[in-house]
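Here is the naming used below: chain letters follow the sequence lines, and residue numbers restart at 1 for every chain. Please read all numbers here as calculations on a predicted model, not as lab measurements.
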Amino acid sequence: MELIVTEKHNAARRIADILSDGSATTERVGSVDVYRWGTHRVIGLSGHVVGVDFPEEYAEWRDVEPAELVHAPVQKRPTQDDIVRAVKRLARKADEVVIATDYDREGELIGKEAYELVREENDDAPVHRVRFSSITENEVKDAFANPDDLDFDLAAAGEARQIVDLIWGAALTRFLSLSAQQRGEDFISVGRVQTPTLRLIVEKEREIDAFDPEDYWELFADLAKNGDAFEAQYFYRDEDDTEAERIWDEADAKTATDILEDESQAVVESVSRRTRTDDPPAPFNTTQFIRAAGSLGFAAGRAMSIAEDLYTAGYITYPRTDNTVYPDDLDPEELLETFAETSAFGSDASSLLEADSIEPTRGDTETTDHPPIHPTPDQPDRGDLTEDEWQVYELVVRRFFATVAEPAVWEHLRVVAETAGLRLKANGKRLREPGYHQVYPYFSTDENYVPDVSEGETLSIEDVRLEDKETQPPRRYGQSRLIETMEDLGIGTKSTRHNTLEKLYDRGYIEEDPPRPTRLARAVVEAAEEFADLIVSEEMTGELEAEMTAIANGEKTLEEVTEDSRDALDRIFAELAESREEIGEHLQESLKADKTLGPCPECGEDLLVRQSRQGSYFVGCDGYPDCRFTLPLPNTGEPVVLDETCEEHGLREVKMLAGRNTFVHGCPLCKAEEADDEEDRIIGPCPECHDEHGGELAIKRLRNGNRLVGCTRYPDCEYSLPLPRRGEIEITDEYCEEHDLPELVVHDGDEPWELGCPICNYEEYAAERESADLESLDGVGPTTAERLRDAGVDTVGDVADVDPDDLADQVKGVSADTVREWQADAD
DNA sequence: GCAAGGTC
């Protein structure tokens, strides 16, 4: 039997399909699907199926000095037992094994891991390695016709990285967490990739904090030719003889304005025209895809998750790639033709096919890992995808179109006019040839109109405006710019950069989007800068890359590299030992600062965001138990303490993070006082207890900011209906006959909306929620929805009734935590 | 309970 091992299940299926000419069938080996035809078997791994870790006796943090981890043994252990078992079972019967993992360093290591599993069971079957960079018939058949051997040096380079990352990350993470006495989930983590990334964010924040704005002025005038007006701006030559628009002195600005206002005409001094070619963009690699999706409003992780769904469904190629050059065996014309008949893209594809020749653009990076992201000939109908998925799919299709389209041509027109010794300029631009913009509408094609004037011509000055401005602090990194910067610095990989950002959010290091660092993040970066500079610098990756290259080239061994790295970490721990307490205190202060609102109105100690034993959040006093002052917080989402401070109480405002239901709660003391001041408004009989006890329904505002319709006999009667948190609620004269309650109207923003009878409203809402499509849940695409339906879950209402762990076991790609998030969302 | 790297 010939066994073929691939890196992922999808690749196994497609390779089996190609090599068997479509005759392969599936069989189960344990719980794993394997493809077979004749004497061949193809099994797909799931990336790494074994991982490195310390032996069991190092697992308890309290029993081991973090510094001991530096010299602790490192073991390989299966992380995906079912797949490991299946590989071993197949290996026993194999006469020959072919490793067909991805064509990159990590693929070589994953291949070696498979090789070692095979060798545990089978001493003598020959093991070959095939390499191909896209799963197309030609490449795959060619690779299998010319098998090679595993590159053990290259795999060892990857193993060295695993060991160095584990030792540094685990030892320093434990050191920081233990010194700050952080237990449980709230450990303080550092690592070769996450900490330099965090430093980028922290350093930008330092620049913003240190920024001192400066006033300046800009002077504009409208010039007109026969009533045809356009905007021009005053400029001058500064001391370096460069053109400048900003006027730094207010008196100078006023003088120039006065002069200009006294003039009614300006004479055209020069007119220059030039045309500029605007080349179409390069094919998508992961980073550029994330950036483009980011400009459509998708967060990096969300964009990748949608792309993975589209890939699994077969609509686009593999979304994790560094490559920006299409492979030779992609025939763009052929692919375009498959779009020519579609309703969504037919006319654009047809117009592209009219070109004399089709020559796709090329980016700077040509790699062997995977082709650039492009659509496959397998096209979905619009109805097959959710709205978000369609947007991302269309982006990928149109990017492919753009890469085979013509350049655009812009015409620039610069006019300089002079009056009373002052010069005014206008820069016009016009899109003369739309080129690729016609099929790729994601870039701006805004034009700026400046009429055709000629030198010596007189223009009238219509309107003079002096604008006072101030210099702006540097902008925070957005998610996609962070990912681009990580790529430029060489930290992380195409597959992990967006995960690193999510990790920083989860660890409480960054908040909001664009991300801002917490006090804790600043303290961690400061501690690392002072004591373990290497872990916070992007150079650690650069140095490690150089060492890995040396291993791959046979110039160094894994042992040499990991020993050097251990020595460096030993030296860091020698210094850290003396400062343990100091570091711990600083981290603890920062942790507290992130949760501090301001002075307690009763005792003056700090008010802090705390969590009750049941898990709900509230505001409590640091003087507890002497001071028992508390304030409630809303019961949805996770609280974040903002920098904005309430003027009345000197307390920082609170924001509740709850996905798309995120909102700013404000000062919790103001909210509580507002609720105390707001009278309950009675609207009608309580359906539960009016007949028996005379209870009535009232619109109530709770101290945590929630608003509801509840019974006046609360807590004896707990009947309640939810109401929106925001907006003024008007009680109208129209009555619901069924419930004997007035119709309500909510005034929030411009358009008031009719909520109607609160009971009818709630019943409708509950029914809708109950039967809502699975796709309305966060992160559920058609693939996941299909799998959920297979497991007997058809609606959002059904999700509420399942056991999260059971469902996670049944449905591939869904974790129990995800299910719990859906359930919380549905409440 | 630690990292980063695969993949779902």
Engineer: Looking for any heavy atom pair under 4.0 Å, which part of the strands does R192(A) touch: base, sugar-phosphate only, or nothing?
Structural biologist: sugar-phosphate

Engineer: Please report the distance, rounded to the nearest Å, between CZ in R62(A) and P in dC2(B).
Structural biologist: 16 Å

Engineer: Whether R507(A) contacts dA3(B) is assessed here as follows: a side-chain N or O lying under 4.0 Å from the phosphate OP1 or OP2. Is that the case?
Structural biologist: yes

Engineer: dC8(B), OP1 or OP2 - any side-chain N/O from T312(A) closer than 4.0 Å?
Structural biologist: no

Engineer: May I ask you to verify if any side-chain N or O of Q194(A) is less than 4.0 angstrom from the OP1 or OP2 atom of dA3(B)?
Structural biologist: yes

Engineer: Which is true for Q162(A) with a 4.0 Å heavy-atom rule: it touches a base, it touches only sugar-phosphate, or it touches nothing?
Structural biologist: base

Engineer: In whole Å, I'd like the distance from the CZ atom of R13(A) to the C1' atom of dT7(B).
Structural biologist: 15 Å

Engineer: Over all strands shown, is F175(A) touching base, sugar-phosphate only, or nothing at heavy-atom distances under 4.0 angstrom?
Structural biologist: nothing

Engineer: Over all strands shown, is D102(A) touching base, sugar-phosphate only, or nothing at heavy-atom distances under 4.0 angstrom?
Structural biologist: sugar-phosphate

Engineer: Once you apply a heavy-atom cut-off of 4.0 Å, does G492(A) come out as touching a base, just sugar-phosphate, or nothing?
Structural biologist: sugar-phosphate

Engineer: Would you mind telling me which of dC8(B), dG1(B), dG5(B) lies closest to the side-chain atoms of T496(A)?
Structural biologist: dG5(B)

Engineer: As a test of reading the structure: which of dA3(B), dC8(B), dG5(B) is closest to the side chain of H9(A), going by heavy atoms?
Structural biologist: dC8(B)

Engineer: For W61(A) and dG1(B), do the ring centres fall under 5.5 Å apart while the planes stay under 30° apart?
Structural biologist: yes

Engineer: Does dT7(B) have OP1 or OP2 under 4.0 Å away from a side-chain N or O of R320(A)?
Structural biologist: yes

Engineer: Taking only side-chain N and O atoms of K494(A), does any of them lie within less than 4.0 angstrom of OP1 or OP2 on dG5(B)?
Structural biologist: no

Engineer: Say you draw a straight line from CZ of R192(A) to CG of L172(A); how long is it, rounded to the nearest 0.5 Å?
Structural biologist: 13.5 Å

Engineer: Distance check needed: dA4(B) C1' versus L501(A) CG, whole Å only.
Structural biologist: 14 Å

Engineer: Is the phosphate of dG6(B), meaning OP1 or OP2, less than 4.0 Å from a side-chain N or O of S495(A)?
Structural biologist: yes

Engineer: Any side-chain N or O of S189(A) below 4.0 angstrom from OP1/OP2 of dA3(B)?
Structural biologist: yes

Engineer: Ignoring hydrogens and angles, tell me if any N or O in the side chain of E7(A) forms a donor-acceptor pair with the backbone of D102(A) under 3.5 Å.
Structural biologist: yes

Engineer: Please report, rounded to the nearest Å, how far the P atom of dC8(B) is from the CG atom of N10(A).
Structural biologist: 7 Å

Engineer: Take atom CD of Q75(A) as the centre, draw a 6.0 Å sphere, and report whether it contains more than 12 heavy atoms from other residues, nucleotides or ligands.
Structural biologist: yes

Engineer: Starting the side chain at C-beta, find the nucleotide from dC8(B), dA4(B), dA3(B) nearest to V193(A).
Structural biologist: dA4(B)

Engineer: What integer distance in Å separates M304(A):CE from dT7(B):P?
Structural biologist: 10 Å

Engineer: What's V164(A) touching, base or sugar-phosphate or nothing? Going by heavy atoms closer than 4.0 Å.
Structural biologist: nothing

Engineer: Distance check: side-chain N/O of Y311(A) vs OP1/OP2 of dT7(B), anything under 4.0 Å?
Structural biologist: no

Engineer: When we call it a touch if two heavy atoms are under 4.0 Å apart, what does E106(A) touch: a base, just sugar-phosphate, or nothing?
Structural biologist: sugar-phosphate

Engineer: Check whether T173(A) reaches the backbone of G169(A) with its side chain - one donor and one acceptor, N or O, closer than 3.5 Å.
Structural biologist: yes

Engineer: With DNA chain B as reference, determine whether Y58(A) or K8(A) sits nearer its 5' end, using the nearest nucleotide of each.
Structural biologist: Y58(A)

Engineer: Round to the nearest Å and state the distance from L172(A) atom CG to dA4(B) atom P.
Structural biologist: 11 Å

Engineer: Nearest-Å distance, CG (D104(A)) to C1' (dG6(B))?
Structural biologist: 9 Å

Engineer: When the nearest nucleotide of DNA chain B is assigned to F54(A) and to T493(A) on a heavy-atom basis, which residue is associated with the more 5' position?
Structural biologist: F54(A)

Engineer: What closest approach, in Å, do A552(A) and L154(A) show between heavy atoms, and which atom pair accounts for it?
Structural biologist: CB-CD1, 4.0 Å

Engineer: Using only atom types and a distance under 3.5 Å, with no angle test, would you say the side chain of T557(A) pairs donor to acceptor with the backbone of E560(A)?
Structural biologist: yes

Engineer: I want to verify a distance call: between dA4(B), dT7(B), dC8(B), whose nearest atom is closest to the K503(A) side chain?
Structural biologist: dA4(B)

Engineer: For E65(A), does its backbone N or O pair with a side-chain atom of E68(A) as donor and acceptor, under 3.5 Å?
Structural biologist: yes

Engineer: Give T173(A) one of three labels, base, sugar-phosphate or nothing, depending on what nucleic acid heavy atoms sit under 4.0 Å from its own.
Structural biologist: sugar-phosphate

Engineer: Is E159(A) touching bases, backbone alone, or none of the nucleic acid, heavy atoms closer than 4.0 Å?
Structural biologist: nothing

Engineer: Over how many whole Å does the gap from M486(A) atom CE to dG5(B) atom C1' extend?
Structural biologist: 13 Å

